[in-house]
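For clarity, every value in this text was computed on a predicted model and none was experimentally measured. Convention: sequence-line order gives letters A, B, ...; per-chain numbering from 1.
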There are 4 protein chains.
Amino acid sequence: MRPSRSFASDNNAVVHPEVVEAITRANEGHVVGYGDDPYTESAVRKFREHFGEDVEVFFVFNGTAANVLSLQALARAYQAVLCPELSHIYTDECGAPEKATGCKLIPLPAPQGKLTVETVAHAYHGIGDQHHVQPRVISITQSTEMGTVYKTEEVEALARFAQERGMFLHMDGARISNAAAAQGMTLRQATRDLGVDVLSFGGTKNGLMGAEAVVFFRAELARDFLFMRKQGMQLASKMRYLAAQMDALLTNELWKRNASHANAMARLLEREIRRIERARIVYPVDANGVFAQIPRDAIRKIQERYFFYVWSEEESVVRWMCSFDTTEEDVRRFAEFVRGIVEQTPR
Amino acid sequence: MRPSRSFASDNNAVVHPEVVEAITRANEGHVVGYGDDPYTESAVRKFREHFGEDVEVFFVFNGTAANVLSLQALARAYQAVLCPELSHIYTDECGAPEKATGCKLIPLPAPQGKLTVETVAHAYHGIGDQHHVQPRVISITQSTEMGTVYKTEEVEALARFAQERGMFLHMDGARISNAAAAQGMTLRQATRDLGVDVLSFGGTKNGLMGAEAVVFFRAELARDFLFMRKQGMQLASKMRYLAAQMDALLTNELWKRNASHANAMARLLEREIRRIERARIVYPVDANGVFAQIPRDAIRKIQERYFFYVWSEEESVVRWMCSFDTTEEDVRRFAEFVRGIVEQTPR
Amino acid sequence: MRPSRSFASDNNAVVHPEVVEAITRANEGHVVGYGDDPYTESAVRKFREHFGEDVEVFFVFNGTAANVLSLQALARAYQAVLCPELSHIYTDECGAPEKATGCKLIPLPAPQGKLTVETVAHAYHGIGDQHHVQPRVISITQSTEMGTVYKTEEVEALARFAQERGMFLHMDGARISNAAAAQGMTLRQATRDLGVDVLSFGGTKNGLMGAEAVVFFRAELARDFLFMRKQGMQLASKMRYLAAQMDALLTNELWKRNASHANAMARLLEREIRRIERARIVYPVDANGVFAQIPRDAIRKIQERYFFYVWSEEESVVRWMCSFDTTEEDVRRFAEFVRGIVEQTPR
Amino acid sequence: MRPSRSFASDNNAVVHPEVVEAITRANEGHVVGYGDDPYTESAVRKFREHFGEDVEVFFVFNGTAANVLSLQALARAYQAVLCPELSHIYTDECGAPEKATGCKLIPLPAPQGKLTVETVAHAYHGIGDQHHVQPRVISITQSTEMGTVYKTEEVEALARFAQERGMFLHMDGARISNAAAAQGMTLRQATRDLGVDVLSFGGTKNGLMGAEAVVFFRAELARDFLFMRKQGMQLASKMRYLAAQMDALLTNELWKRNASHANAMARLLEREIRRIERARIVYPVDANGVFAQIPRDAIRKIQERYFFYVWSEEESVVRWMCSFDTTEEDVRRFAEFVRGIVEQTPR
């Protein structure tokens, strides 16, 4: 029998009870649609408490939309987005950014998922040349698709690079809570204070049912965003149910409790996996993901019981994600099972 | 004090308790994301029970997306969509169809919200002329934006017109349940059996939290729709929560119970309003909307207590929508209030 | 035998000898591609002499591109373009504006091809409403698609309306030379001085081989236009051959000589046609086009010898255009032929 | 004084006299616009003589358009184009392909400008996975941007790979004449017979004023191309002047004479440059381009007299192109000049 919780993705998890409760509380009486309601007002207020009074925030349905609409707000079609070659926007959104923005996304090498000023500077050329797309946005993911976390000075350096060239720094924060929690920072410290211009703030992977936010740290960038969101098919009529989720996430530090727990489970899993002789942890476990190289033949066998994704077929690397609802027992039982399979696998 | 329920829109309503319950039931254990889960499987099965075994169905977040993606599946950018000049896709989606599909939407006169073969035939020209967009899709709304319902033979005639010319008939069914219930038809009888090719099946306005479906009655039209949905930023990672809603709506005829009730409340409201001397019902109340012409000065005063939309400033026509949670008492109290205001309004 | 010149369109004409000569003169030695050459420099200088030192001008291949790229420079996808319902951009460009800009084009009634402040004001609504596209550009055609010419005060009023609302006035000047010549105005007086923001300056219909220009009267609007032109597939590698054409057109008043002649021929044709009992001139012949209502059965017979377009099948109205190479004899012979056919046509 | 001919690009050259003559001959009397004229008919006939009776051919203004519209005819927005990382469509069209098609272009390593089955196979993955763009087109350039020419079997292997997977092979033939001439093949042998599906046939770089063609070897792929061309702003009203150019190019083997001459001049240049001690030819000189590594300090000095492009700043590689009007004397004088500068440059 399959266990009830896997390590495939943090979006395989349930909705946190406090979020369900918030939705239920919001389910009372009529309110105006499309965001002009007290639940949205309250949730926006929470964002301003966390990120600063002058931020502009917009709720959307999913992370792809948060990313794509962020980029659209920052770039025209002849401009380019510099991003890691394995970033979600580049590889996992079925070309949504290109279609919606018309922009070219320029994939850059990013060991451990991180852009550096050096790689970005290398791609910064052709400025003013009418034949070339014009670099406009640097997009980074925090925590990264490899489960690593940019350090403070790494983000700051990219922000400075962008700012000095009239470019913008976008952060795909599908797991920003995990990164902030891992670093012991507030959400603001982990984003705005480092120089990020626009943040895709993730909720779904951190215990919500389905809600993300686009947060603008410079209000003028958000001027026409209402229209972009609607034209981008991302305006919820019953907005209160997105807002209530976000409100709950930003209440009583649910964002941090969930993220910290997921991170802790990943560290536990890392420790357990390191004890397996033929398993190798391939990226620093900075947040809630564990990437391990294990014998090829073991993968399929583990997958017979646990669903998860192979990160690299060629290198026999798998990805295991922990979520807010992962338990210590889940981890130990899984690690035990992995160990058993690996040890049985002929060399 | 504002009353807890208004007549502004059926999307101002709450989520039906059976839907909340379904969501809660689905909130158990990990399941694979993006639609490969038992809840989605079950919901799709329900759609096939209602519409036929061979339909293809895809869940999306909102009605704009259901419409836009339907059109995208049917038309290339140099083709055109014929639609009523006051249709939702033409006037209320901030140009989402044009941006996403590249198509021109051709607005046609549609008294009472309905296209006819005559108006469509008038716009069917320039075929094969490289300077002209090529008509490809007829898009109708059922029930219409004016609260009327196309009769069986009216839809059939449009479907025949489309089919004979290699065009498609799309139905914006944001309120298809209201239309089917009003006509005593099954969902299939009200759509597929009349010749509709692709249906935007509405859920949000009929008691869901936020879920719509694109239903293809000819499977070949859906061939690449998975990619279009993802690229269109409409793929939910925690799909089970959309699926559970839809499943509930198609279980024990919740769709019909909700819609019939809303329709009945609209008829009650119509009757009450007709009793007011200076109020005039301007469109047949076929479904759950009541459009009334009332003295201009009364509108503002009524809006001080009840929020709703003015349909036509020029003609002093207002729109009142009933929903599944509208009560008889809501209607009577509202009508009473309207009457009081109108009667006090100087001629 | 078909005559060598018809009245179908001014783009059926040849290239003026002075233009051929200019091309030939430019056909000497290597020059850098893409516009960084002395021919382009010279042509741009000519534009600045005619329109003012501070204009920005860009050459493109055809009129559709001039229009589409102008609109793209002025509007984002969630904004709208107000235009006459029979304007070229709305009906004759196969949806190019919508596809390239993502914008909705809102067709407005325009008797005799002209927008008025009243019709535009009527369409100016939904401002700030996230569901509605936001009016951003008024696009007018001068001379119009019906061969009429906006009067000075008519353009000025539209420009004022636009300016007061943060909108822009775009002029499709495919035949601006005809309009200016007809009014005895310079090109600048007929455009910039009336408040036009961006002009599609037509050359092809006035004796060029194939070249149009986008002229920005406010340089800041052109800031990124180099990139838009390239991305819009409108950057000529051998730019000198476009530039040489434009240079010739703006030299020794070729633009005016050509346009005045075409206008005069249209007036002659008008006079001749008016002498036919059953022919009716339907629009003022302000420029180089004559629109006439003639017996339906005559049309086909005239077309057996002369190719031209039927403007309105329903009203039996035809369009006859004169060009720089139309001769008096062409006109008289054609009018004679038309008269013969019409008179033979049974009532 | 600057010499009258440089080695910057084959598009810096003049128009071949036979082409000018053809244009002049076409400049006679009125003909219908937009392609329905005898000149276009004749040019299309020539294409069919060269490529086969059943090809469909469409003239456009420039190479970017030929490429972009080819891709648009072959792929929907959620599909992907595999191309060399230094291909023109990827690096030199300011993102035109992405904007117009919505597709992602996937850049692949291509030493000497050539894709191989191995590199393409490596990028062929994620098939059927809704998160990933779906590979649909392989686009190669012949001759390549590095002046090399794919061998027969190299193209055939890519065509086979594509065909077996339901993909298409597009050839950017901006310099296809140079490639065919270099291989002693007919235009058909060098394209269609190798399995190419759609060809961007270049004219401008081979002696035309400005005209390219999209040639479909499978007529069904061209079904709606008329509309795509118009909507893509690439329909010439005075089409005869594009057609006359193409007609001339395909008459009396002008395409081959021009290309062979340019190729021969490149080989001559190669020989001369090889005689310079510190110059290194970096790619095989298969067609009309010579890529040489020369001392960094020499580049700037040579550019003081001759304009040309630096191919790689980092590796100090320059690009020199020969064209149909390059003379032996041009080559010898230039090589002499280069030699002088290089020899004076301190090591």
Side-chain angles (χ1 to χ4, degrees), chain A residues 3-9 11-15 17 20 23-24 26-34 36-37 60-69 92-96 98-100 204-205 208-210 226-239 241-242 307 323 325-326, chain B residues 2-9 11-15 17 20 23-24 26-34 37 60-69 92-96 98-100 204-205 208-210 226-239 241-242 307 323 325-326:
Chain A
S4 72
R5 276 181 299 277
S6 79
F7 293 82
S9 175
N11 65 34
N12 286 199
V14 294
V15 182
V20 174
I23 289 174
T24 311
N27 200 32
E28 181 64 38
H30 278 210
V31 302
V32 175
Y34 305 110
D36 194 10
D37 66 83
V60 298
F61 296 116
N62 65 2
T64 295
N67 288 334
V68 167
L69 292 177
D92 282 305
E93 298 181 347
C94 201
E98 286 92 342
K99 171 153 198 318
T204 313
K205 288 185 162 80
L208 301 193
M209 184 179 293
L226 274 183
F227 305 107
M228 291 188 191
R229 178 175 63 177
K230 175 65 188 180
Q231 196 179 38
M233 308 184 276
Q234 290 291 323
L235 178 60
S237 59
K238 289 178 165 174
M239 182 71 85
Y241 300 103
L242 297 188
F307 177 74
S323 51
D325 64 351
T326 305
Chain B
R2 286 195 166 234
S4 71
R5 278 182 298 276
S6 78
F7 294 82
S9 175
N11 65 33
N12 287 198
V14 294
V15 182
V20 174
I23 289 174
T24 309
N27 199 33
E28 180 66 39
H30 279 210
V31 301
V32 176
Y34 305 110
D37 67 82
V60 297
F61 295 115
N62 65 2
T64 295
N67 288 334
V68 167
L69 293 176
D92 282 305
E93 298 182 347
C94 200
E98 285 92 342
K99 171 153 198 320
T204 312
K205 288 186 163 80
L208 301 193
M209 183 180 294
L226 273 183
F227 305 108
M228 290 188 193
R229 179 175 61 177
K230 174 67 187 179
Q231 196 177 39
M233 310 183 275
Q234 290 290 323
L235 178 61
S237 59
K238 290 178 164 174
M239 183 70 85
Y241 300 103
L242 297 188
F307 178 74
S323 51
D325 64 352
T326 305

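- With chain A as partner, the option from B/Q234, B/M239, B/Q231 having the largest number of non-hydrogen pairs under 4.5 angstrom is B/Q231.
- If you take CE on A/M228 and NZ on B/K99, they are separated by 9.0 Å, rounding to the nearest 0.5 Å.
- Most heavy-atom pairs under 4.5 Å with chain B: of the set A/G95, A/G210, A/A65, A/A13, this distinction falls to A/A13.
- Contacts between B/D37 and chain A at a heavy-atom distance below 4.5 Å are absent for every atom of the residue.
- Most heavy-atom pairs under 4.5 Å with chain A, from the set B/L235, B/V60, B/I23: that is B/L235.
- Closest approach of B/S237 to A/N11, counting heavy atoms only: CB-ND2, 3.6 Å.
- Here the straight-line distance linking atom CZ of B/R229 with atom SG of A/C94 works out to 11.0 Å at 0.5 Å rounding.
- Within the 4.5 angstrom heavy-atom criterion, no atom of A/D36 approaches chain B.
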Check: So A/K238 and B/T204, side chain to side chain donor-acceptor pair (under 3.5 Å) or not? Walk me through it.
Finding: CA-CA 8 Å; A/K238 289 178 165 174; B/T204 312; over 6 Å; no
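- For the side chain to side chain donor-acceptor pair (under 3.5 Å) test, residues two or more places apart in sequence or in another chain that qualify with A/E93 are A/N67, A/H88.
- With contacts defined as side-chain heavy-atom distances shorter than 4.5 Å, the pair B/Y241/A/V14 qualifies.
- Shown here are the side-chain contact (heavy atoms from CB on, under 4.5 Å) partners of A/V20, two or more places apart in sequence or in another chain: A/V15, A/T24, B/N27.
- Between B/N62 and A/F61, the closest heavy-atom pair is ND2-CE1, 3.6 Å.
- Exactly one of B/S9, B/S4, B/S323 qualifies for a side-chain contact (heavy atoms from CB on, under 4.5 Å) with A/H30. That residue is B/S323.
- When each of A/M233, A/E98, A/K205 is checked for heavy-atom pairs under 4.5 Å with chain B, A/M233 comes out on top.
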